[in-house]
S.K.: 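Handing you this structure, nothing more for now.
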Amino acid sequence: SHAFHSLRMEPMLDEFAAELAGVEWREPVIPVVSNVTGRLAGPDELADPQYWAGHVRRPVRFAEGIAAAVEFGGTLFVELGPGAALTGLVEETASAVDAEVACVAALRDGRPEEQTLLTSVAELFVRGIPVDW
């Protein structure tokens, strides 16, 4: 419904930044790769409202982000969006850097959320990923 990461987002940036200023930000407890920069994000970076306002407008560095995650040791990718649009792209991008990864979508359009999430966790389990049932 929105043209994220394009010029069409410009009109909403100031209002969005003002809303973000009211959020209580904390440093992440797990490493996060930024698809804005294509590298491991610093803790101060992700706790800055301007980072997130800029994220709406800036191009996505998806391939660089996946490569950085793999370089950092990432082998498991779980897509948390409402569909499964990026799962195949993650696998394709990882294979381009000769990495073997497990990738599942936690949700899928038109499917019951609980069943889809449980199926994705079961898929990880049968691939040898430990699951704390």
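Heavy-atom basis, side chains included; hydrogens, waters and symmetry copies ignored.
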S.K.: Taking R58's backbone N and O only, do any of them form a donor-acceptor pair with H5's side chain (distance below 3.5 Å, no angle check)?
M.R.: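 Flag set: sc H5 to bb R58 pair under 3.5 Å.
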
S.K.: I'd like to check E27 versus D44 (side-chain heavy atoms, cut-off strictly below 4.5 Å). Are they in contact?
M.R.: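 Answer yes - side chains close enough.
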
S.K.: How long is the straight-line distance from NE2 of H55 back to CG of N35, given to the nearest 0.5 Å?
M.R.: 6.5 Å

S.K.: Please answer: with hydrophobic residues joined when any side-chain heavy atoms are less than 4.5 Å apart, are F4 and M12 in the same cluster?
M.R.: yes

S.K.: Going by ring-ring contact (aromatic ring centres under 6.0 Å, His included), name the pairs with one or both residues in residues 84-125, residues two or more places apart or in two chains.
M.R.: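 Non-adjacent pairs meeting ring-ring contact (aromatic ring centres under 6.0 Å, His included): F125-W133.
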
S.K.: With hydrophobic residues grouped by side-chain heavy-atom distances under 4.5 Å, do L89 and V97 end up in a single group?
M.R.: yes

S.K.: Hey, are the side chains of Y51 and L46 touching, using non-hydrogen atoms and a 4.5 Å cut-off?
M.R.: yes

S.K.: Are W25 and V56 connected into the same hydrophobic cluster when the rule is that any two of I, L, V, M, F, W, Y join if their side-chain heavy atoms are below 4.5 Å apart?
M.R.: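 Yes, it is one cluster - the side chains of V56 and W25 are joined through contacts under 4.5 Å.
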
S.K.: For A99 and V70, work out which heavy atoms get closest and say how close.
M.R.: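 Heavy-atom minimum between the residues: CB-CG1, 3.4 Å.
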
S.K.: Step through the shown structure and confirm whether more than 12 heavy atoms of other residues, nucleotides or ligands are within 6.0 Å of CD on E10.
M.R.: yes

S.K.: Which pair of non-hydrogen atoms, one from A53 and one from L13, has the smallest distance, and what is that distance?
M.R.: O-CD2, 3.3 Å

S.K.: Measure the spacing between CG of L107 and CD of E114 and express it to the nearest 0.5 Å.
M.R.: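 Reported to 0.5 Å precision, the distance equals 9.5 Å.
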
S.K.: So, for R39 and A68, which heavy atoms are closest and what is the spacing to 0.1 Å?
M.R.: CA-CB, 4.1 Å

S.K.: How far apart are the closest heavy atoms of G74 and V101, and which atoms are they?
M.R.: O-CG1, 4.2 Å

S.K.: With a 4.5 Å cut-off on side-chain heavy atoms, are L124 and V78 touching?
M.R.: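 They are in side-chain contact.
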
S.K.: Grouping I, L, V, M, F, W and Y whenever their side-chain heavy atoms are under 4.5 Å apart, do W52 and V32 come out in a common cluster?
M.R.: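 The answer is yes; both residues are in one hydrophobic cluster.
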
S.K.: Look up atom CG in L117 and atom CZ in R111, then write down how far apart they are to the nearest 0.5 Å.
M.R.: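 Between atom CG of L117 and atom CZ of R111 there are 13.5 Å.
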
S.K.: What I'd like to find out is whether the side chain of L7 reaches to under 4.5 Å of the side chain of R57, using heavy atoms alone.
M.R.: yes

S.K.: More than 12 non-hydrogen atoms from neighbouring residues, nucleotides or ligands closer than 6.0 Å to CD on E113, yes or no?
M.R.: no

S.K.: State plainly whether one hydrophobic cluster holds both V23 and V36, where clusters connect Ile, Leu, Val, Met, Phe, Trp and Tyr through side-chain heavy atoms under 4.5 angstrom apart.
M.R.: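 Yes; tracing contacts between hydrophobic side chains, which count when under 4.5 Å, links both residues.
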
S.K.: For the atom pair CG (L86) and CD (E92), what is the distance rounded to the nearest 0.5 Å?
M.R.: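 Separation between the atoms: 12.0 Å.
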
S.K.: So, for A106 and S120, which heavy atoms are closest and what is the spacing to 0.1 Å?
M.R.: CA-OG, 3.7 Å

S.K.: Work out which heavy atom in L40 is nearest to a heavy atom in P31; give both atom names and the distance.
M.R.: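 For L40 versus P31, the nearest heavy atoms are CD1-CB, 3.8 Å.
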
